[in-house]
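Have a look at the structure below before the remarks.
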Amino acid sequence: MTIKPLIILPDPVLRVTSEPVERIDDAVRELAADMLETMYDAPGIGLAGIQIGVPRRILVIDLAKDEEPRNPLVVINPTILSVSDERSLYEEGCLSIPEYYAEVERPARLRISFQDLDGKTQERDADGLLATCLQHEIDHLNGTLFIDHISKLKRDMVIRKFTKAAKRVVA
Ligand code: GNR
Ligand code: NI
């Protein structure tokens, strides 16, 4: 298991559409383990493959609190089957946009189908923070970031700030 470097805004890799995981083999299980270790180290509650530069449709989530036992969820090739009309508002952050937070409105509940690490197809209903996190991660698989759901003014501001910061690092 390895902690991988995170891809940070405005890296264009974050805009890539990830491809399906074709075969759930040991390499995919190792990728999932690396993603979980990277997420726990950050620390974060979710991570998509593209955030460590792997353009595959895989995401990991763990919503367990610090004092609770770990509860990792690995989601491969997810499909959103349905979403609720009801919306919910959460203050979101992203490991690829460090220390920036903004409220995002999304469907409050959804039902997804996905493959697990054994290659078995599962269905799952989610609400609350899990629903928000799943949608945030599935967005990453499609090259979408949470700042795409806020006002253009705020989005342009944060992109400009991170673009300037990236230029300072190179200089
Ligand atoms: O760690 C994370 N916290 C978070 C908080 C609210 C809504 C979504 C998230 S996901 C984020 C980790 C991340 O960037 N996943 O892609
Ligand atoms: Ni994110």
Side-chain angles (χ1 to χ4, degrees), residues 1-21 28 31-80 83-84 86-110 112 114 124-151 154-159 161-163 165-166:
M1 293 210 297
T2 319
I3 296 167
K4 303 287 187 180
L6 289 163
I7 307 286
I8 303 296
L9 191 77
D11 195 321
V13 166
L14 291 171
R15 295 312 194 169
V16 167
T17 300
S18 294
E19 297 291 335
V21 174
V28 170
L31 170 62
D34 289 350
M35 288 172 63
L36 283 164
E37 196 179 7
T38 302
M39 178 188 76
Y40 290 130
D41 175 72
I45 59 172
L47 192 78
I50 197 66
Q51 292 182 276
I52 56 165
V54 179
R56 290 290 172 272
R57 303 188 79 80
I58 178 170
L59 62 93
V60 297
I61 291 177
D62 193 332
L63 301 183
K65 303 199 173 66
D66 287 347
E67 69 276 11
E68 293 172 354
R70 283 181 175 179
N71 185 26
L73 173 65
V74 177
V75 171
I76 299 170
N77 299 329
T79 310
I80 297 178
V83 299
S84 62
E86 190 194 329
R87 308 279 140 168
S88 77
L89 202 58
Y90 265 97
E91 174 148 283
E92 298 196 17
C94 182
L95 294 175
S96 297
I97 314 173
E99 288 167 66
Y100 180 77
Y101 305 91
E103 285 196 322
V104 177
E105 192 184 295
R106 301 181 185 270
R109 293 178 302 280
L110 76 165
I112 63 164
F114 64 98
R124 185 166 181 143
D125 288 306
D127 63 8
L129 184 55
L130 180 59
T132 289
C133 197
L134 277 167
Q135 291 172 78
H136 176 117
E137 303 312 338
I138 292 170
D139 269 357
H140 275 301
L141 306 186
N142 297 322
T144 298
L145 300 171
F146 84 93
I147 54 170
D148 300 336
H149 299 291
I150 65 180
S151 75
K154 285 187 187 171
R155 178 168 60 254
D156 288 350
M157 222 171 59
V158 65
I159 291 172
K161 185 185 152 196
F162 277 81
T163 301

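Counting starts at 1 for both ligands and their atoms, following the listed order. Everything quoted here is computed from the prediction, not taken from an experiment.
- Nearest protein neighbour of atom 14 (O) of ligand 1, counting heavy atoms only, is L95 N, 2.8 Å.
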Give the C-alpha distance, both sets of side-chain angles, the deciding distance and a yes or no for side-chain contact (heavy atoms from CB on, under 4.5 Å) between I138 and L59.
CA-CA 8 Å; I138 292 170; L59 62 93; 3.9 Å; yes
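- K4 approaches T38 most closely through the heavy-atom pair N-OG1, 2.9 Å.
- Taking each of I97, T132, I45 in turn, the one with a heavy atom nearest to atom 4 (C) of ligand 1 proves to be I45.
- Between L36 and the options V74, L31, L47, a side chain to side chain contact (heavy atoms under 4.5 Å, CB included) holds for only V74.
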Quick one, H149 with E105, criterion side-chain contact (heavy atoms from CB on, under 4.5 Å). Give me CA distance, side-chain angles, the key distance, then yes/no.
CA-CA 8 Å; H149 299 291; E105 192 184 295; over 6 Å; no
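- Contacts of E91 with ligand 1, taken as heavy-atom pairs under 4.0 Å, involve the backbone alone.
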Mind running side chain to side chain donor-acceptor pair (under 3.5 Å) on N142 and R57 for me, showing each step along the way?
CA-CA 9 Å; N142 297 322; R57 303 188 79 80; 2.7 Å; yes
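- Counting protein heavy atoms only, atom 9 (C) of ligand 1 is closest to G93 O, 3.5 Å.
- Which of M39, H140, E137 comes nearest to atom 15 (N) of ligand 1 through a heavy atom is settled by distance: it is E137.
- Considering backbone and side-chain N/O of Q51, one or more are found under 3.5 Å from N/O of ligand 1.
- Protein heavy atom closest to atom 12 (C) of ligand 1, with residue, atom name and distance, is G46 O, 3.1 Å.
- The minimum heavy-atom distance linking T163 with I159 is given by the pair OG1-O, 2.7 Å.
- Using a 4.0 Å cut-off between heavy atoms, E92 contacts ligand 1 through both its backbone and its side chain.
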Let's go through E19 and R56 carefully: what are the C-alpha distance in whole Å and the side-chain angles of both, what is the deciding distance for side-chain contact (heavy atoms from CB on, under 4.5 Å) to 0.1 Å, and is it a yes or a no?
CA-CA 5 Å; E19 297 291 335; R56 290 290 172 272; 3.6 Å; yes
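- Near C94, the atoms of ligand 1 lying under 4.0 angstrom from a non-hydrogen atom of the residue are 14 (O).
- Checked against I112 for a side chain to side chain contact (heavy atoms under 4.5 Å, CB included), the options T79, L134, V83 give a single hit: L134.
- Close contacts of ligand 1 with G44, meaning ligand atoms under 4.0 Å from a residue heavy atom, involve 1 (O).
- At the shortest separation from atom 8 (C) of ligand 1 among protein heavy atoms lies H136 ND1, 3.6 Å.
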